[in-house]
Engineer: 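I am attaching a structure below and will ask some questions about it afterwards.
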Amino acid sequence: MTESTDWPLWEVFVRSRRGVSHTHAGSLHAPDAQMALRNARDLYTRRNEGVSLWVVPSTAITASSPDEKDSFFEPSGDKPYRHPTFYEIPEGVKHL
Amino acid sequence: MTAPTSPTSPTTTAPATAAAALALGDDALVLSHHLGEWAGHAPVLEEEVALANIALDLLGQARILLSLVGDEDELAYLREERAFRNLQLVEQPNGDFAHTIARQLYFSTYQAFLYEELARTDGPFTALAAKAVKEVAYHRDHAEQWTLRLGDGTEESHHRMQRAVDQLWRFTGEMFQPVDGAHDIDWPSLQESWHSSVTEVIRGATLTLPEGPRADAWAAGAGRQGLHTESFGRMLAEMQHLHRSHPGATW
Amino acid sequence: MTTVTAQDRTAAFDAAVAADERIEPRDWMPDAYRATLVRQIAQHAHSEIIGMQPEANWITRAPSLRRKAILIAKVQDEAGHGLYLYSAAETLGTSREELLDKLHSGRQKYSSIFNYPTLTWADVGAIGWLVDGAAITNQVPLCRCSYGPYARAMVRICKEESFHQRQGYESLLALSRGTPAQHAMAQDAVDRWWWPSLMMFGPPDDESAHSAQSMEWKIKRHSNDELRQRFVDICVPQAEALGLTLPDPQLKWNDERGHHDFGPIDWTEFREVLKGNGPCNDQRITQRKQAHDEGAWVREAAAAYATKHATQRPAEPTTARTAPGEATA
């Protein structure tokens, strides 16, 4: 088989029930989007795991680099004032 | 063990209903058996999973239908070839993947229209058909998607798919013989719907609609009367051998 | 951006593994760690898909419709598990095509257990009980493997496989309690599958080539002998409940050790099967290659169709007809 006939890789996202977001379930190979959706149905929802599916070509995903994780994510670590527990409220005050 | 040639001894099911259940149940049983033969042989891993799903849906339908008639295992394993009521189409061997897909296309389109009708009319099959109709819609979609890809794929796949739809065409007329016990079905209109749907898919796949006869007195078209094709006896021999080797055993 | 030195990277990797954190695909990792993982995950994936063959051998002859449905579902799961594992391997920069090619050309292995034949229906039960039982004993610790995608695939696989062992046990129980012929069939199957199942844990610890490094990297969590002993201890009472005998006259409880002692394993047989001289090595690979080669025109057709229709692809794919959810979020 030549390389051009290899089916591309797709990432599969499953919504397990209405009201929750789609979550990454895994990946699979398929020749096109329609077949990817069907393969995803057969593979990732055969035990009744989902009510909705997304398939995305793996190459369409841009990921943050682990090398940049310090500059990307550490700066948000020292800003506790973004969380409600940062603030002190007198006892007995309600609905805050 | 009861006599294997007299399976239609339902205790609660009306005889006509039992006859219909047997015909439809045998269709599903035999086709699921052939699809099960693909395990470990499919063209790609994803298709192993898809074909097994379809086989399991059909086997589930067969078990419910045969249970309306009697003991599912006695019916599946102890009847002789001439007592089976399935269409000749579903007993045709797998052939190549195109052949399997053509068989799926013809049968699942038929089953989709038939079960839609059965689900609509109030009768002994309403509940079963309502569930099966969803399964069959997927089988039909699977067959259509693959017919398009094989027909409009490469030169080789086009050739194989054309050969497959041509070879199986002669087994499609039988599907529209009225089935005893499924009275409320308008068979001529079912046939019309089937024909126009299949025509659309075949043409969409850049294939030519087969022209040969769809049933002949001398050839295909007697499965419902218990006349089958040669390969069916071998299929049954394989399927029934172990069960028959241990009379009365439970598994 | 600051430059990260090789030393920093190694230190960060070692620290993450030591802290029981998961390594993810785009993290830096030592080449040898990557190679070990590719080898192990590929072998695991290959085992799943080769493992379909001995059981599929009985689908068309399953003696009841209930057993037939169970067997189809089980063999289907194995295809699915192979698929999850190939996907996990692909996160390490290899492709499924490449891995299959290595399997077909004998450059990568699969579990030797599948080079034994399934001669009777009872073998299907014995595989479920013993082979899947051994596999589960091996796999459960892999759910905590240091490599994230592998660990996640294993979580899914272990969850799905929980029915595999039970159905095998239930099937053997029906045979054991059935007619004398059925009971004999079950005992014969256990006689043939017991020792090869014990070999599934790999060579003894002092002869295992890769064990020490894999333990250090937390790819592996327990030694071969440790897992083998655990499996034997689990199986003894299960065999009693089945009414079947494990074919080892030396098998007995050792109060001092708190474990069962068991007889010596024939490692010559193990090595011969590994070398390719087992009963079914050729047959398994031949069938695998045949399915792959005969499927080539199908894969090519679908790829050609996708290329032709690439521009016509709808922007929002419709969901499958039976999916009750909405088409887009």
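Atoms considered below: every heavy atom in the structure, side chains included; atoms not considered: hydrogens, waters and symmetry mates. Convention: sequence-line order gives letters A, B, ...; per-chain numbering from 1.
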Engineer: What closest approach, in Å, do B:Gly40 and C:Ala291 show between heavy atoms, and which atom pair accounts for it?
Structural biologist: O-CB, 3.8 Å
Engineer: Of all the heavy-atom pairs spanning C:Arg299 and B:Pro43, show the shortest one and how long it is.
Structural biologist: NH1-O, 2.7 Å
Engineer: With respect to chain C, which residue among B:Ala55, B:Ala42, B:Ala249 yields the maximal number of heavy-atom pairs within a distance under 4.5 Å?
Structural biologist: B:Ala249
Engineer: Atom CD in B:Glu238, atom CZ in C:Arg61: separation rounded to 0.5 Å?
Structural biologist: 6.5 Å
Engineer: Return the minimal non-hydrogen interatomic distance between C:Ala79 and B:Val49, and the atom names on each side.
Structural biologist: CB-CG2, 4.1 Å
Engineer: Within residues 178-189 of chain C, which residues come under 4.5 Å of chain B, heavy atom to heavy atom?
Structural biologist: C:Thr179, C:Ala181, C:Gln182, C:Met185
Engineer: Among B:Glu72, B:Met239, B:Arg63, which has the most heavy-atom pairs under 4.5 Å with chain C?
Structural biologist: B:Arg63
Engineer: May I ask you to name which of C:Ala174, C:Ala302, C:Ala301 has the most heavy-atom pairs under 4.5 Å with chain B?
Structural biologist: C:Ala301
Engineer: For residues 146-163 of chain B, give me every residue with a non-hydrogen atom less than 4.5 Å from any non-hydrogen atom of chain C.
Structural biologist: B:Trp146, B:Leu148, B:Arg149, B:Leu150, B:Asp152, B:Gly153, B:Thr154, B:Glu156, B:Ser157, B:Arg160
Engineer: Side chain from CB out, backbone as N, CA, C, O: work out which of these in B:Ala62 comes under 4.5 Å of a heavy atom of chain C, or both, or neither.
Structural biologist: neither
Engineer: With a 4.5 angstrom heavy-atom cut-off, which part of B:Phe97 approaches chain C: side chain, backbone, both or neither?
Structural biologist: both
Engineer: Hey, what do you get for NZ (C:Lys68) to CG (B:Asp73), rounding to the nearest 0.5 Å?
Structural biologist: 10.5 Å
Engineer: B:Leu45 versus chain C, heavy atoms under 4.5 Å apart: side chain, backbone, both or neither?
Structural biologist: both
Engineer: Does either side chain, that of C:Gln287 or that of B:His41, offer a donor lying less than 3.5 Å from an acceptor on the other one?
Structural biologist: yes
Engineer: Can you tell which part of B:Glu46 gets under 4.5 Å to a heavy atom of chain C, answering side chain, backbone, both or neither?
Structural biologist: both
Engineer: Under a 4.5 Å heavy-atom cutoff, which of C:Arg96, C:Gln53, C:Glu78 has the most pairs with chain B?
Structural biologist: C:Arg96
Engineer: If I take atom CD from residue C:Glu294 and atom CG from residue B:Asp96, how far apart are they, to the nearest 0.5 angstrom?
Structural biologist: 9.0 Å
Engineer: With a 4.5 angstrom heavy-atom cut-off, which part of B:His241 approaches chain C: side chain, backbone, both or neither?
Structural biologist: neither
Engineer: Looking only at heavy atoms and a cut-off of under 4.5 Å, which of C:Ile50, C:Asn57, C:Ile49, C:Leu83 has the most pairs with chain B?
Structural biologist: C:Leu83
Engineer: Find the distance between CD1 (C:Ile72) and CD1 (B:Ile54) and round it off to the nearest 0.5 Å.
Structural biologist: 12.0 Å
Engineer: Any idea which of C:Arg177, C:Arg67, C:Arg66 has the most non-hydrogen atom pairs under 4.5 angstrom with chain B?
Structural biologist: C:Arg66
Engineer: Chain C: which of B:Leu51, B:Leu29, B:Leu35, B:Leu56 shares the most heavy-atom pairs with it under 4.5 Å?
Structural biologist: B:Leu56
Engineer: Return the OG to CG distance between B:Ser32 and C:Leu65, rounded to the nearest 0.5 Å.
Structural biologist: 8.0 Å
Engineer: With respect to chain B, which residue among C:Ile59, C:Leu100, C:Thr60 yields the maximal number of heavy-atom pairs within a distance under 4.5 Å?
Structural biologist: C:Thr60
Engineer: Quick one: what part of C:Val75 sits under 4.5 Å from any heavy atom of chain B, side chain, backbone, both or neither?
Structural biologist: side chain
